[in-house]
Amino acid sequence: MANLALSVTVKWKFVIALVVVLGLAVLFLYSSFWKNWGTTSSAEIPENAESIHTKDENVQQKYLDWNGVDKGIFYRKIVPENSKFPVLFLHGARFTSKVWQEIGTLKALSSQGYTVVAVDLPKHGDSEKVKEPSDDNGRIEFLGQLIKRLELERPVLVAPSMSGSYALPFVMNEKDKEEVRGFVPIAPAAVAKYTDEDLKGLKLPTLIVYGEKDITFTGYVDKMKEIPGSEVFMMKDASHPCYLDNPAEFHKRVVEFLDKLLEK
């Protein structure tokens with residue numbers, strides 16, 4: 001009987017120890033999940049992005065003082081030798097300028113001779129101290145000032161998702177669209193605010209990019225095709241932030257578009 005009691009006691013101690021270990025493992029995984037929720041983590045970026053997490057020593061990280069805010073607008077920039085022209089990258093609501101560095105966009109485009117600048121928009125990332133514009137006029141003014149302050153001579157404007165609410169009002173403004181040489185909207189927001197006739201009046205080289213699985217944008221593709229001479233690039237099997245699903249393919253197509261602008 002004594003041996004039986006001892007055996008039962010040992011088994012219970014083993015079970016309790018096992019439960020404690022499993023509990024600690026679950027707690028660790030749970031805390032890690034919530035810590036990274038809503039951020040641009042390596043788990044959100046596909047493995048076929050060649051330049052993920054590589055440190056590019058050529059990337060400048062700087063701030064612009066903005067409307068009295070010291071270190072207001074944060075940006076990343078690479079200027080290659082004999083630059084062809086600049087490309088300005090905005091970002092979606094869940095992301096910051098960091099995403100373009102993490103998936104290798106800054107490196108990929110600068111290696112082809114393009115100056116690349118990626119900014120954190122107001123209230124996002126390291127530009128959190130800057131107040132967001134409250135309306136289209138404010139967003140137009142913001143982009144105009146940004147291009148001027150960054151000393152970008154007629155950049156190509158790349159605007160995914162939420163940042164379409166900045167870029168579309170800007171390029172649809174007859175005067176301000178002269179400040180850019182091309183437009184790459186990536187499933188942009190705010191398309192519904194414009195009529196087909198409005199978009200027909202946008203005479204600006206445009207590459208429309210979206211993911212095949214992006215059900216939130218597919219209904220607007222035909223509408224955006226009204227932009228004269230626009231090109232459409234659907235990324236197969238890609239989601240809303242389609243550039244994350246196949247960065248190499250995205251970079252190749254954008255560079256092709258940029259190269260065409262050199263001929264005009």
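Basis for what follows: all heavy atoms, side chains included, without hydrogens, waters or symmetry-related copies. We count residues from 1, following the sequence as given.
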Item to check | Exercise: identify the closest heavy-atom pair between S110 and P80 | outcome: O-CB, 3.5 Å

Item to check | same_hphob_cluster(F257, M234) at 4.5 Å side-chain heavy-atom cutoff | outcome: no

Checklist entry - With side chains defined as the heavy atoms from C-beta onward, is the minimum distance between E249 and F233 less than 4.5 Å? => result yes

Next on the checklist: For L204, is there any backbone N or O sitting under 3.5 Å from a side-chain donor or acceptor partner on T206?
Outcome noted: yes

Checklist entry - Where is the tightest heavy-atom contact between S165 and D136, given as atom of each residue plus distance? => result O-OD1, 4.3 Å

Item to check | K223 side chain to Y194 backbone, donor-acceptor under 3.5 Å | outcome: yes

Checklist entry - Ignoring hydrogens and geometry, is there a side-chain-to-backbone donor-acceptor pair from R76 to V59 under 3.5 Å? => result no

Checklist entry - Hey, what's the ring geometry for Y210 with F217, parallel, tilted or perpendicular (30° and 60° as the breaks)? => result tilted

Checklist entry - Below 4.5 Å, heavy atoms only, C-beta onward: do R149 and W66 meet side chain to side chain? => result yes

Item to check | Working for side-chain contact (heavy atoms from CB on, under 4.5 Å), residues S127 and I73 | outcome: CA-CA 5 Å; S127 300; I73 295 296; 3.9 Å; yes

Next on the checklist: Counting only heavy atoms from other residues, nucleotides and ligands, does the tally under 6.0 Å from CD of Q145 exceed 12?
Outcome noted: yes

Item to check | Euclidean distance, D245 CG relative to E212 CD, rounded to 0.5 Å | outcome: 11.0 Å

Item to check | Non-hydrogen side-chain atoms of L199 and M172 separated by less than 4.5 Å | outcome: yes

Checklist entry - Can you get from L244 to L90 by hopping between Ile, Leu, Val, Met, Phe, Trp and Tyr side chains that sit under 4.5 Å apart? => result no

Item to check | From R139 atom CZ to F170 atom CZ, the distance as rounded to the nearest 0.5 Å | outcome: 14.0 Å

Item to check | Heavy-atom side-chain contact between K193 and D198 under 4.5 Å | outcome: no

Item to check | Shared hydrophobic cluster for Y114 and L207 (ILVMFWY, side-chain gaps under 4.5 Å) | outcome: yes

Item to check | Worked check of side-chain contact (heavy atoms from CB on, under 4.5 Å) between L146 and L88 | outcome: CA-CA 10 Å; L146 183 68; L88 176 59; 4.2 Å; yes

Checklist entry - Has the side chain of T115 got a donor or acceptor atom that lies under 3.5 Å from a matching backbone atom of V79? => result no

Next on the checklist: Check the orientation of F95 and Y243. Use parallel for under 30°, tilted for 30 to 60°, and perpendicular for over 60°.
Outcome noted: perpendicular

Checklist entry - If you look at every heavy atom in G164 and P169, which pair is closest and at what distance? => result O-CD, 3.6 Å

Checklist outcome for this item: Rounding to 0.5 Å, atoms NZ (K252) and CG (N246) come to a distance of 11.0 Å

Item to check | For L143, the option from V171, L157, L121, D176 that meets side chain to side chain contact (heavy atoms under 4.5 Å, CB included) | outcome: L157

Checklist entry - What is the minimum heavy-atom distance between L168 and A189, and which atoms define it? => result CD1-O, 3.3 Å

Checklist entry - Is any side-chain heavy atom of V209 less than 4.5 Å from a side-chain heavy atom of V158? => result no

Next on the checklist: Is there a side-chain contact (heavy atoms from CB on, under 4.5 Å) between S161 and H240? Walk through the geometry before answering.
Outcome noted: CA-CA 8 Å; S161 195; H240 183 60; 2.8 Å; yes

Checklist entry - Just by modelled atom types, is the K129 backbone N or O under 3.5 Å from a matching donor or acceptor in the K71 side chain? => result no

Item to check | Note, P188 side chain near M224 side chain (heavy atom, < 4.5 Å) | outcome: yes

Next on the checklist: Same cluster or not: L152 versus V254, using hydrophobic residues (I, L, V, M, F, W, Y) connected whenever any side-chain heavy atoms lie under 4.5 Å apart?
Outcome noted: no

Checklist entry - According to a 4.5 Å side-chain heavy-atom criterion applied to Ile, Leu, Val, Met, Phe, Trp and Tyr, with indirect links allowed, do F85 and I78 form part of one hydrophobic cluster? => result yes

Checklist entry - Counting N and O atoms only, with roles assigned by atom type, does the side chain of H124 sit under 3.5 Å from a partner on the main chain of P122, one being a donor and the other an acceptor? => result yes

Checklist entry - Taking atom types as modelled and ignoring hydrogens, do the side chains of D126 and T96 form a donor-acceptor contact shorter than 3.5 angstrom? => result no

Checklist entry - Looking at L109, V99, V117, which hits side chain to side chain contact (heavy atoms under 4.5 Å, CB included) with F89? => result L109

Checklist entry - Between atom CD of Q60 and atom NZ of K77, what is the distance when rounded to the nearest 0.5 Å? => result 6.0 Å

Checklist entry - Does H91 use its side chain to pair, donor to acceptor, with the backbone of D120 at less than 3.5 Å? => result no

Only distances under 3.5 Å count here; give the side-chain donor-acceptor pairs of residues 177-186 to other protein atoms, sequence neighbours excluded, each with its distance to 0.1 Å.
residue	atom	partner	partner atom	Å
R181	NE	R154	O	2.6
R181	NH2	E153	O	3.3
R181	NH2	R154	O	3.4

Next on the checklist: Counting C-beta onward and ignoring hydrogens, is there a side-chain heavy-atom pair between M235 and R253 closer than 4.5 Å?
Outcome noted: no

Checklist outcome for this item: Taking every heavy atom of I147 against every heavy atom of P155, the minimum-distance pair comes out as CG2-CD, 4.1 Å

Checklist outcome for this item: NZ of K213 to SG of C242, rounded to nearest 0.5 Å, is 12.5 Å

Checklist entry - Can you name the closest pair of heavy atoms from A187 and D214 and give their distance? => result CB-OD2, 3.4 Å

Checklist entry - Where the side chain of K200 meets the backbone of T195, is there a donor-acceptor pair that is under 3.5 Å apart? => result no

Next on the checklist: Return the CD to CG distance between E256 and L261, rounded to the nearest 0.5 Å.
Outcome noted: 12.5 Å

